[in-house]
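As structure tokens, the structure follows; a few thoughts come after it.
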Amino acid sequence: MRKFIVAGNWKMNTTVPQGVELAKAVVEKSQNLPANVELVVAPPFTHLVSVCQVLQGSKVALSAQNCADKEKGAFTGEVAAPMLVSAGCTYTILGHSERRQYYGETDAKLVEKVKLALASGLKVILCVGENLDEREAGRHFDVVTEQTRNVLYNFTAEEMASIVIAYEPVWAIGTGKTATAEQAEEIHACIRNVIEQKVGQTVAQDMTILYGGSCKPSNAKELFAQPDIDGGLIGGAALKAEDFIAIAESF
Ligand code: 13P
């Protein structure tokens, strides 16, 4: 069964007390959401333990925004997957375009990260997406296909059940420019096809594929109505509990 997910990527925003307040507001407003929609929040590392306490007993899951490509040891400043589990995470985002762009995250490194995350029992929200130059050159299908294959094809069908894909066109992130529902749908269908080629139709049909990039209450309904869009990875609008919940209510 395909799962619908709305995940909030808080990025490098909020202090710990602000994050706790935001999480409380999300929990409070999430009581009446339909049972088939899963809510996830991804605060900064420093907030995880405190936010986990707020989420206890709620239906909101906790995610990290990244994890290390090493299991443990002398890697100053890094945070390993088992540490995230011990802080209460059930998910981690990996391969966000901001990590690819500013921190040199490669597909090869991502394979290591995904392996370690899955081995620790975390579910992964794996981000893919083309930048503006690539879209304008008409290379968006190729770029997304390659990113998806380079990482996902290293995993079995069983492992893929713990992976969610997030398609985030870089030109739509934080710009107020959303991909149209048609533009997003055709890439989502392409990603599902790439998965199907490797592991078959059943697994591909069960896979959750999220859209991210200036998703907000006013456009979520149209995006989520597409057959291959199974929810959203939300940036800016996830920092306001009201907007975040309104997006989740768009299903
Ligand atoms: P915005 O919703 O702010 O465009 O960010 C999207 C994103 O990058 C989520 O990971």
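Everything numeric in this text was worked out from a predicted model, so none of it was measured. Remember, it's 1-based here, ligands and their atoms both numbered in the order they're listed.
Under the 4.5 Å side-chain heavy-atom criterion for grouping Ile, Leu, Val, Met, Phe, Trp and Tyr, Leu62 is connected to Val124 within one hydrophobic cluster.
In the vicinity of Ala172, heavy-atom distances shorter than 4.0 Å reach the ligand 1 atoms 4 (O). Each of the atoms 1 (P), 3 (O), 4 (O) of ligand 1 lies under 4.0 Å from some heavy atom of Gly174. Close approach of ligand 1 to Gly213 is summarised as follows: ligand atoms under 4.0 Å from at least one heavy atom of the residue are 4 (O), 6 (C).
In terms of polar-atom proximity, defined here as any N/O pair under 3.5 Å, Gly235 does make such a contact with ligand 1. Polar contact with ligand 1: absent for Glu98 (N/O pair, distance under 3.5 Å). Polar contact with ligand 1: present for Asn9 (N/O pair, distance under 3.5 Å).
Between Lys70 and Glu78 the shortest side-chain heavy-atom distance does not fall below 4.5 Å.
Between Tyr211 and His188, the angle of the ring planes lies from 30° to 60°, which puts this pair in the tilted group.
Ligand 1 lies nowhere less than 4.0 angstrom from a heavy atom belonging to Lys216.
A donor and an acceptor atom, one from each side chain of Trp10 and Gln65, are nowhere located under 3.5 Å apart. Between the side chains of Asn66 and Lys113, at least one donor N or O lies within less than 3.5 Å of an accepting N or O.
A search for side-chain hydrogen bond (donor to acceptor under 3.5 Å, both in side chains) contacts involving Tyr91 returns Glu38, not counting sequence neighbours. Evaluation of the ring-ring contact (aromatic ring centres under 6.0 Å, His included) rule for Phe155 yields no partner, not counting sequence neighbours.
Nearest non-hydrogen protein atom to atom 3 (O) of ligand 1 is Gly236 N, 2.8 Å. Atom 9 (C) of ligand 1 has Glu168 OE2, 2.9 Å as its closest protein atom, hydrogens excluded (heavy atom only).
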